[in-house]
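Proteins get letters first, then strands, A, B, ... in listed order; numbering begins at 1 in each.
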Amino acid sequence: MTSSTFSDRLLAWYDQHGRKDLPWQQNASAYHIWLSEVMLQQTQVATVIPYYQRFIEKFPHIDALADAQVDDVLSLWSGLGYYARGRNLHKAAIQMQQQHNSQVPEDFQSLLRLPGIGRSTAGAIMALAFHQRFPILDGNVKRVLARYDAINIWPGEKHVETAMWQRVEELLPSTRIANYIQAQMDLGATLCTRSRPDCQRCPLITDCQAYASGDPTLFPVRKTKKQQPVRQTNWYIYIHQDNHILLEQRPQSGIWGGLWSFPEAAAQVADNILPVKNAVFQSSMPEIKHVFSHFKLTIHPHIFTADPINIVAENNQHIWVKIDKALTLGLPAPVKQLIEFLSSTERML
DNA sequence: AAAGCGGGGTT
DNA sequence: AACCCAGCTTT
């Protein structure tokens with residue numbers, strides 16, 4: 001049996017459940033559609049609506065916008081974010097006034113030359129305003145497509161995005177292009193949402209590969225989160241004859257606030273700024289890697305023996321403490337790990 | 001606290 | 001071409 005096509009099912013769903021009452025869908029001119037599409041970049045419908053309404057009231061047509069001061073445009077944009085969109089909108093209106101007879105140009109290449117209009121926004125205007133067969137590839141469409149095809153690479157990858165543009169192109173219907181483009185946006189915005197897609201109501205459930213795989217929210221796959229920064233630190237483990245070690249209390253705020261740790265230096269430092277004078281270097285231990293939420297720390301522990309004559313006086317920040325007693329203090333995990341190791345190998349030192 | 005988002009600007 | 005950025009929302 002042949003099931004109906006992707007676009008047929010989407011259009012049938014749109015007829016029943018699509019959004020048809022949005023402000024820019026009433027008496028829609030190309031100007032209204034352009035304005036709404038720019039406002040909808042990076043911004044949700046519910047946020048856009050009041051801004052859109054104030055905007056068209058003050059600037060009901062392209063000439064009103066082109067003749068305005070940019071500051072007046074921006075004041076109506078205030079709170080929407082991405083203010084370059086407002087500046088570009090104003091610039092584009094002037095360009096339309098001067099070069100396109102105060103109209104939104106009706107061809108794709110001219111649209112692309114206007115500031116603030118890229119490939120997806122140009123496609124939306126061509127389809128929604130001029131009923132020409134152009135695809136869009138915004139965040140909603142990317143999500144729907146990544147699920148429909150179970151694309152297992154992050155869509156930000158150049159080759160994936162190129163393939164997706166090709167895919168949205170081939171899925172286009174030959175009729176009802178404006179409804180279809182609106183349907184794609186509506187499906188992504190209202191049903192195929194990021195975290196809680198309502199697959200049971202989805203017209204694409206029968207051949208959605210992500211649904212078939214069991215968990216559609218695994219798509220689109222996330223950007224591999226960028227490598228957390230790695231910081232290096234040196235820890236100085238001073239031991240004196242009676243198996244005492246020198247610990248230092250960390251500042252109350254910040255990493256491991258208030259816990260006891262070894263004297264520390266971010267890089268190799270001269271002996272004379274270490275807290276113990278004339279200590280004798282014994283050995284360096286293997287590095288320890290510790291992972292925090294926002295960075296990785298590589299710890300280089302170095303063991304010194306210290307003559308009690310040369311030890312610094314105890315104070316609020318520094319204590320000499322017997323190794324076994326140290327284990328009863330508040331210690332960061334890697335400090336505890338190191339001290340436990342020292343405790344087990346005391347005799348060898 | 002972090003990810004997502006279309007287009008523009010920079011390297 | 002490949003990166004970074006903008007500002008607000010959602011998770």
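Atom-to-atom, CG of A:Leu80 to P of B:dC5 comes out at 18 Å; the value is rounded to the nearest Å. C:dC5 atom C1' lies 13 Å from atom CZ of A:Arg87, rounded to whole Å. Atom CZ in A:Arg85 sits about 19 Å away from atom P in C:dC5, given to the nearest Å. The nearest whole Å value for the distance from the CE atom in A:Met39 to the C1' atom in C:dA6 is 17 Å. The distance between atom CD of A:Glu157 and atom C1' of C:dA2, rounded to the nearest whole Å, is 11 Å. Per the geometry, CE belonging to A:Met164 stands 10 Å off P belonging to B:dC5, to the nearest Å. Taking atom CG of residue A:Asn140 and atom P of nucleotide B:dC5, one finds them 8 Å apart after rounding to whole Å. The separation between A:Glu161 atom CD and B:dG4 atom C1' is 14 Å, rounded to whole Å.
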Inset, instruction - Start with the C-alpha distance between A:Phe341 and A:Lys336, add both sets of side-chain angles, then the distance that settles side chain to side chain contact (heavy atoms under 4.5 Å, CB included), and finish with yes or no. - result: CA-CA 8 Å; A:Phe341 174 77; A:Lys336 187 167 188 181; over 6 Å; no
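B:dG6 and C:dA1 are spaced 22 Å apart, taking the P atom of each and rounding to whole Å. Between B:dG8 and C:dT9, the two P atoms lie 23 Å apart (nearest whole Å).
Using a cut-off of 4.0 Å between Lys/Arg side-chain N and Asp/Glu carboxylate O, A:Arg167 and A:Glu169 are scored as not salt-bridged. A:Asp15 has a carboxylate O that lies under 4.0 Å from a charged side-chain N of A:Arg176, or vice versa, which qualifies the two as a salt bridge. A salt bridge links A:Arg9 and A:Asp207; the closest N-O separation between the charged side-chain nitrogens and carboxylate oxygens is under 4.0 Å.
In this structure the side chain of A:Trp24 reaches within 4.5 angstrom of the side chain of A:Val48, judged on heavy atoms. Looking at heavy atoms from C-beta onward, A:Ser102 lies in side-chain contact with A:Gln97 at the 4.5 angstrom threshold.
When distances are taken from the side chain of A:Tyr83 to each of C:dA2, C:dA6, C:dC8, the shortest belongs to C:dC8.
Relative ring orientation between A:Phe304 and A:Tyr236 is described as tilted, the plane-to-plane angle lying within the 30° to 60° band. Between A:Trp235 and A:Phe262, the angle of the ring planes lies from 30° to 60°, which puts this pair in the tilted group.
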Identify the pairs formed between an N or O of the protein and an N or O of nucleotides 9-11 of chain C at a distance under 3.5 Å, and give each distance.
unit_1 : atom_1 : unit_2  : atom_2 : d
C:dT10 : OP1    : A:Gln44 : NE2    : 3.0

Between protein and nucleotides 7-11 of chain B, what N or O pairs are separated by less than 3.5 Å?
unit_1 : atom_1 : unit_2   : atom_2 : d
B:dG7  : OP1    : A:Gly118 : N      : 2.9
B:dG7  : OP1    : A:Gly118 : O      : 3.4
B:dG7  : OP1    : A:Thr121 : N      : 2.9
B:dG7  : OP1    : A:Thr121 : OG1    : 2.5
B:dG7  : OP2    : A:Ser120 : N      : 3.4
B:dG8  : OP1    : A:Gly116 : N      : 2.3
B:dG8  : OP1    : A:Ile117 : N      : 3.4

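Looking at A:Leu327, A:Asp324, A:Val321, A:Ile237 one by one, the single match for side-chain contact (heavy atoms from CB on, under 4.5 Å) with A:Ile339 turns out to be A:Leu327.
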